[in-house]
> 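Quick one: this structure, given as structure tokens, is what I'll be asking you about.
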Number of protein chains: 2
Amino acid sequence: MTPQPGSAGDVLTLISAGSATTRSDLARLTGLARSTISQRVDALIERGLVEETESGESTGGRPPRQLRLHTEDHAFAGVDLGATHCRVALMDISGDVLAECEDSLLIGEGPDTVLAHVDQRLDQLLGEAGRPRSALRAMGIGVPGPVEFATGRPNNPPIMPGWNDYPVPEFFEGVSVLVDNDVNVMALGEHRNAFAGTSHLLFVKVGTGIGCGIVAEGKLHRGAQGSAGDIGHIRVSGHEDAGCRCGNSACLEAVAGGAAIARRLTELGLPAESGGDVVALVQAGNTQALRLVREAGRLIGEVLASLVNFFNPEVIVVGGALSRVHEHLLAGIRETVYRRSLPLATHHLSITPSRTGINAAALGAGILAIEHYLSPDNINRIVNA
Amino acid sequence: MTPQPGSAGDVLTLISAGSATTRSDLARLTGLARSTISQRVDALIERGLVEETESGESTGGRPPRQLRLHTEDHAFAGVDLGATHCRVALMDISGDVLAECEDSLLIGEGPDTVLAHVDQRLDQLLGEAGRPRSALRAMGIGVPGPVEFATGRPNNPPIMPGWNDYPVPEFFEGVSVLVDNDVNVMALGEHRNAFAGTSHLLFVKVGTGIGCGIVAEGKLHRGAQGSAGDIGHIRVSGHEDAGCRCGNSACLEAVAGGAAIARRLTELGLPAESGGDVVALVQAGNTQALRLVREAGRLIGEVLASLVNFFNPEVIVVGGALSRVHEHLLAGIRETVYRRSLPLATHHLSITPSRTGINAAALGAGILAIEHYLSPDNINRIVNA
DNA sequence: TGAACTTCCGCCGAAGGTCGAACAAAGCCG
DNA sequence: CGGCTTTGTTCGACCTTCGGCGGAAGTTCA
């Protein structure tokens with residue numbers, strides 16, 4: 001039995017996380033002998049997973065050879081499917097984007113049409129990046145509805161007609177496919193990209209609807225049925241008259257979602273159809289719209305105040321279409337959360353707008369794929385094969 | 001860093017979890033050779049961690065020698081400190097209770113007095129069980145307030161005067177001491193004792209106050225500041241007049257806690273001081289009390305409905321003093337949760353009374369200690385020493 | 001009852017992995 | 001230019017693990 005763990009997968013994890021860039025670092029961190037580390041690194045280099053760069057800076061002796069992930073030869077894809085759009089990002093193994101694209105695409109056209117479109121875009125992006133199809137190792141897909149993560153099958157999604165129980169991964173041959181809810185992958189993208197130092201994060205997406213992705217101990221929390229984070233249908237007080245498409249009334253989404261704000265603006269004589277119209281009105285300085293957005297922030301804050309007490313996150317990130325006017329939204333959210341949550345939970349809590357922006361979902365989906373590929377178990381399997 | 005699979009610690013984990021009771025089981029589960037397993041088991045036996053029992057049942061050949069945790073020579077303690085009571089359970093390494101006791105004890109007397117009392121009870125219980133003090137390997141303590149788990153220091157607990165930032169573990173020499181919130185240890189006790197098959201569990205304690213312990217992926221979720229699960233101060237709609245000791249109004253605890261129900265009964269001319277009095281009235285068949293308890297269940301259910309959407313647990317366990325009249329409390333909770341939560345989240349959700357009862361906290365605290373001691377890292381350290 | 005069969009467990013030589021010492025490489029410093 | 005420091009590789013010693021073999025301990029069946 002080895003006194004310390006340190007399989008090839010562990011070594012690669014340290015390299016990919018940036019914890020170690022030289023063989024000496026690895027020896028120090030793992031406690032293994034330098035010769036053993038060299039052997040591991042050699043195996044990783046031989047498999048094309050790691051490469052050496054030019055020598056680094058000397059600290060008084062022979063300069064170490066820097067190690068990093070070998071970014072050629074592999075590719076990963078992150079796919080963000082929304083109700084009306086499709087974004088695909090091709091990434092290398094370090095998470096850098098090689099190429100990306102965006103189209104209008106109705107998810108309601110069904111899985112065969114949509115996935116064929118994705119497949120075509122993948123070929124195009126691979127071409128742009130100059131990599132063969134065989135380089136594609138894994139892909140992640142975020143979809144606007146609940147998914148049984150283990151099988152990659154949508155689970156009674158309300159706005160994805162034709163997708164229920166469709167085995168998405170089987171559509172793509174020879175590549176691992178991970179399918180998850182769009183808000184989950186956005187949370188993952190935001191966490192890995194801008195908040196990697198935190199352990200407990202909530203990502204709140206405020207668009208047409210309202211959803212939440214949960215990062216606990218650095219990992220996505222999906223819950224028992226994969227429906228965790230569905231905060232759009234939490235009840236808010238004082239709006240019993242607002243009916244929701246789910247059949248209940250006073251749902252958060254029915255009073256504070258982009259669609260709800262647009263409807264109320266229309267009632268006030270300001271024609272608005274979607275969250276985008278609301279954003280446009282706010283940016284044009286319309287005070288009615290501004291007031292409604294801020295009020296929506298307060299309502300969202302009321303729900304988040306409960307969740308802060310319950311979950312005790314370090315940071316809440318607000319994204320989605322309406323976060324383009326985040327100053328007003330966040331003002332309402334902060335006001336309510338800091339008033340209604342317990343001091344111990346809010347003392348070190350920060351509530352910030354998304355730093356990753358429109359690409360959070362595609363990036364997060366890609367990261368899901370990369371982390372799956374780089375998991376120690378999978379790497380050990382590859383190296384020992 | 002992933003631990004090396006098949007270490008002595010992993011072998012012991014399989015034995016303690018009941019996943020393997022023979023050397024053959026271990027070889028099958030770990031994939032290691034039978035001879036290697038024998039060597040591991042020998043080391044564990046030599047260290048007094050595992051013992052062989054008489055042969056088990058034959059499956060057609062030589063019957064295997066059964067293995068189990070060696071329950072002599074070690075002892076673990078679980079301590080449940082409440083506002084006005086102290087329970088101590090002495091357990092062997094398999095989690096069976098060897099001896100236990102209960103006293104009235106005011107936590108407000110301060111850490112020196114209370115912990116000295118605990119220390120004395122420990123000696124007494126060790127005497128009853130016929131084990132020397134040196135057999136005590138670790139202890140867990142549940143306290144009625146927030147704790148910084150890593151250091152074992154209470155963190156501004158409202159009902160524990162004199163305990164703020166007190167380094168509890170240092171009071172006990174030569175033994176590992178883990179300190180956690182009482183609701184957390186109750187959740188752990190309930191999960192390990194009665195719901196070990198589930199991954200995501202919420203334990204709701206309804207007593208004088210209201211709290212919640214969270215089990216996610218089989219582990220306690222404590223949050224960023226260790227204050228997760230503090231649902232007593234979540235706002236419920238329609239009770240703006242109810243002031244709470246936290247300074248806000250309409251807190252769940254202020255309208256549905258045992259103290260709140262007692263106060264309202266008193267207003268109705270039925271003198272009641274505590275949750276215990278409320279239970280007595282309900283058990284005596286008082287319809288006013290029954291109605292209030294059921295209404296409290298509805299209010300708790302309103303909050304839980306939100307948390308079910310957010311967290312998506314498999315099971316909600318209701319415990320605490322008021323759960324002695326759980327049929328009425330649960331009726332209100334179930335009614336609201338199943339009406340207000342999303343079908344996907346409630347479809348496989350069960351809401352049940354505590355199966356572990358009054359001892360959940362002390363048991364959970366002991367289990368916290370045992371699992372700490374049995375963690376693969378700790379066992380490998382012991383075996384390789 | 002006894003022989004054949006099955007399963008369990010310890011022993012031992014072979015194979016393979018890890019370690020640390022020794023050595024070579026590469027840059028810094030006086 | 002020769003010592004000093006740090007890095008990386010080579011190699012034999014050592015240790016662990018593996019798997020076959022044989023003995024142990026029951027079951028099944030004639």
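Numbers restart at 1 for each chain; the letters A, B, ... are given by sequence-line order, proteins then strands. Fair warning: this is a prediction, and the values are worked out from it, not measured in the lab.
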> Applying salt bridge (Lys or Arg N to Asp or Glu O under 4.0 Å), can you list everything that pairs with E51(B), at least two apart in sequence or on another chain?
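With neighbours one apart ignored, the set is R68(B).
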
> Roughly, in whole Å, what's the span from CD in E52(B) to C1' in dG10(C)?
12 Å

> In chain order, what residues pass the side chain to side chain donor-acceptor pair (under 3.5 Å) check against E314(B), with sequence neighbours excluded?
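Scan of E314(B) (side chain to side chain donor-acceptor pair (under 3.5 Å), adjacent residues dropped) gives none.
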
> Classify R34(A) by what it touches in the nucleic acid, base, sugar-phosphate, or nothing, heavy-atom distance under 4.0 Å.
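Base contact.
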
> Under 4.0 Å from OP1 or OP2 of dG8(D): is there any side-chain N or O of S38(A) that close?
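It does not, given that no N or O in the side chain of S38(A) lies less than 4.0 Å from OP1 or OP2 of dG8(D).
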
> The criterion is salt bridge (Lys or Arg N to Asp or Glu O under 4.0 Å); which residues satisfy it with D92(A), sequence neighbours excluded?
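Testing D92(A) for salt bridge (Lys or Arg N to Asp or Glu O under 4.0 Å), a comparison that skips the adjacent residues, returns none.
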
> For nucleotides 25-30 of chain D, print each protein N/O atom paired with a nucleotide N/O atom at under 3.5 Å, atom names and distance only.
{"from": "dG26(D)", "atom 1": "N2", "to": "G60(B)", "atom 2": "O", "distance (Å)": "3.1"}

> Whole-Å distance between dT18(C) C1' and L26(A) CG?
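Rounded to whole Å, this separation is 16 Å.
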
> Write down the distance between CD1 (I45(B)) and P (dC9(C)), rounded to a whole number of angstrom.
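Roughly 10 Å, once rounded to whole Å.
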
> Under the side-chain contact (heavy atoms from CB on, under 4.5 Å) test, which residues partner S350(A), sequence neighbours left out?
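S350(A) satisfies side-chain contact (heavy atoms from CB on, under 4.5 Å) with V315(A), T352(A) only.
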
> Tell me, yes or no, whether the heavy-atom count around R47(A) atom CZ, taken from other residues, nucleotides or ligands under 6.0 Å, exceeds 12.
yes

> Rounded to whole angstrom units, what separation is found between the CZ atom of R40(B) and the C1' atom of dT16(D)?
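R40(B) atom CZ is separated from dT16(D) atom C1' by 8 Å.
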
> Atom CG of L32(B) to atom C1' of dG16(C): distance rounded to whole Å?
15 Å

> CZ of R23(B) versus C1' of dT17(D): gap in Å, rounded?
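It is 17 Å, rounded to the nearest whole Å.
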
> Using whole Å, what does the distance between atom C1' of nucleotide dC15(D) and atom CG of N384(B) come to?
13 Å

> For E217(A), which residues count as a salt bridge (Lys or Arg N to Asp or Glu O under 4.0 Å) partner, sequence neighbours excluded?
none

> For R28(A) and dT6(D), give me the distance from atom CZ to atom P, rounded to whole Å.
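Distance check: R28(A) CZ to dT6(D) P gives 11 Å.
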
> Under a 4.0 Å threshold between the charged nitrogen and the carboxylate oxygen, would D10(A) count as salt-bridged to R40(A)?
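A salt bridge is absent here (no side-chain N lies under 4.0 Å from a carboxylate O).
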
> Can you tell me if Q39(B) touches the phosphate of dT17(D), counting only side-chain N or O atoms and a distance under 4.0 Å to OP1 or OP2?
yes

> Run the side-chain contact (heavy atoms from CB on, under 4.5 Å) test against N193(A) and tell me which residues pass, sequence neighbours left out.
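So N193(A) forms a side-chain contact (heavy atoms from CB on, under 4.5 Å) with T356(A).
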
> Suppose we screen for side chain to side chain donor-acceptor pair (under 3.5 Å). Which residues come up paired with D42(A), at least two apart in sequence or across chains?
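By the side chain to side chain donor-acceptor pair (under 3.5 Å) rule, D42(A) matches no residue at all.
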
> Below 4.0 angstrom from OP1 or OP2 of dT9(D), is there any side-chain N or O of S35(A)?
no

> Tell me, which of residues 64-71 of chain B have any heavy atom that sits under 4.0 Å from an atom in DNA chain C?
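The answer is P64(B), R65(B).
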
